[in-house]
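Structure, as structure tokens:
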Amino acid sequence: MKYIGSKTLNIRIIELIVFFVSWMAIFSIPFFNHRLNNSVDWTKVFEEWIRISSYLIIFSINFFVLVPLFLFKKKYRLYIGTALLVALALTGITVLFGLILTPAQPVTMPPMDLGPGMPPMELGSGMPAPIGYKPVTVPAQESIFMIIADQLLISILVIGAGTSIKMIAQWIREENRHMDLEKEQLKNELAFLRHQVSPHFFMNTLNNIHALIDINAEDAKNTIIELSTMMRYLLYDTAQGQTTLKKEINFIDSYITLMQLRFPKKVAVSLVIPESIPDIQIPPMLFISFLENSFKHGISFQSESFVTFKLELTDNRLNCMIKNSKHFTRESTDKNYSGIGLTNIKKSLDLLFGKDYLLNIREDEKEFEVQLTIPIYENKMLSH
């Protein structure tokens, strides 16, 4: 599970990068808003930074403490209550600090302009304005209640933004973990299916060797050596769930050679493969079950029989055609072709390729044919 841990660490790093970049951008806004004629009103900038700092503290407490400690543990009431308490406390502190730094100015009459050459006359707050004098409108000051309400609303929005980001990151983590667990399960299922295929294959092969001993003991000895080579391939070369196409073809060639020792010369066995075999990876044991069934059910000692195995590559796809003569009734054939090997190969194809493969089985009174087409693009296969 080291791979899952590395993904979680990457998401955590992305979270921190988004956190720092976002707040650096927010803290830069007052600097640009209060810059005029190449000078900066640092008093107003610092006032804005103090107000934004309270939002940063609220965001950080919620993002790094409250959400992991309460929300992700499904303590919803405790989370909501604690988040509101933090928002109220920091809002009160911010408003109080702001009033101390910038106390409210008393509303007074602005100076009256007496004309050219005369200094403006200050008017007291209780003095009536002269007739015809229209002073500049004094902007109304926001009440303490509205200041607190605005600060609290923004604090709640900041908490909501932080919670949303944290939940999205958590959702991505859970999705990655779920996908990794699915891949792990696929590997286990495929390994289980291959372990089922191998005993089935060896059971049939040992039966063939047993029959061959009575016919030709020397050929039986050579067959045992050939079988040991095939066992080595199954035990070691396919352990990682991938093999090269060339090795798989060599394995199939050895299997066909082994089968030919048992059957009479009149049985026509044909192996057609590309002249140039590319160095590509494929899942092992994809074709052997079909080939086993072809020899098991397509060969008759009384009638002319044939087995054809053909591989070709077209447009990044590997096409396999296995055809054999048919000597059974439909009922018998349907029953015989529903064995362990064929069932497992269908399950393996579904697990490996999903819907990105084509399997057609065709039969008539004289022939039984299987056509399997799989993708050969390496990335998808290696992802399993």
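What's counted below: heavy atoms across the whole structure, side chains too, no hydrogens, waters or symmetry copies. We count residues from 1, following the sequence as given.
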Considering all heavy atoms of both residues, which atom of [X] and which atom of [Y] are nearest to each other, and what is their separation?
X      : Y      : result
Ile322 : Ser294 : CG2-OG, 3.1 Å
Ser54  : Leu90  : O-CD1, 4.3 Å
Asn324 : Gly298 : ND2-CA, 3.4 Å
Pro283 : Leu286 : O-CG, 3.5 Å
Ile58  : Ala87  : CD1-CA, 4.3 Å

- Message: Looking at Phe368, I'd like to know if the NZ or CZ of Lys326 sits under 6.0 Å from its six-membered ring centre while staying within 45 degrees of the ring's axis.
- Response: no
- May I ask you to check whether Phe19 and Phe59 place their ring centres under 6.0 Å from each other? yes
- Task: Please indicate whether Asn360 has more than 12 foreign heavy atoms, meaning atoms of other residues, nucleotides or ligands, lying under 6.0 Å from its CG.
- Result: yes
- Message: For Glu304, is the CD atom crowded, meaning more than 12 foreign heavy atoms sit under 6.0 Å from it?
- Response: no
- Query: Are Tyr79 and Asn62 close enough that a side-chain donor and a side-chain acceptor fall under 3.5 Å?
  - Reply: yes
- Are side-chain N/O atoms of Tyr357 and Asp350 paired as donor and acceptor at under 3.5 Å? yes
- Phe309 and Phe287 aromatic ring geometry - parallel, tilted or perpendicular at 30°/60° bounds: perpendicular
- Carefully, step by step, assess Asn319 and Thr314 under the rule side chain to side chain donor-acceptor pair (under 3.5 Å). CA-CA 7 Å; Asn319 305 312; Thr314 56; 2.7 Å; yes
- Message: With a 4.0 Å cut-off on N to O distance, would you call Arg51 and Asp150 a salt bridge?
- Response: no
- Indicate yes or no: does Glu15 engage Arg173 in a salt bridge with an N to O separation below 4.0 Å. yes
- Item | Derivation of the salt bridge (Lys or Arg N to Asp or Glu O under 4.0 Å) call for Lys246 and Asp253 | CA-CA 10 Å; Lys246 185 175 182 179; Asp253 186 35; over 6 Å; no
- Message: Would a single hydrophobic cluster contain both Leu157 and Ile26, if residues Ile, Leu, Val, Met, Phe, Trp and Tyr are joined by side-chain heavy-atom contacts under 4.5 Å?
- Response: no
Could you tell me the separation between the [atom1] atom of [X] and the [atom2] atom of [Y], rounded to the nearest 0.5 Å?
X      : Y      : atom1 : atom2 : answer
Tyr255 : Leu271 : OH    : CG    : 13.5 Å
Ile154 : Ile52  : CD1   : CD1   : 10.0 Å
Ser305 : Phe295 : OG    : CZ    : 11.0 Å

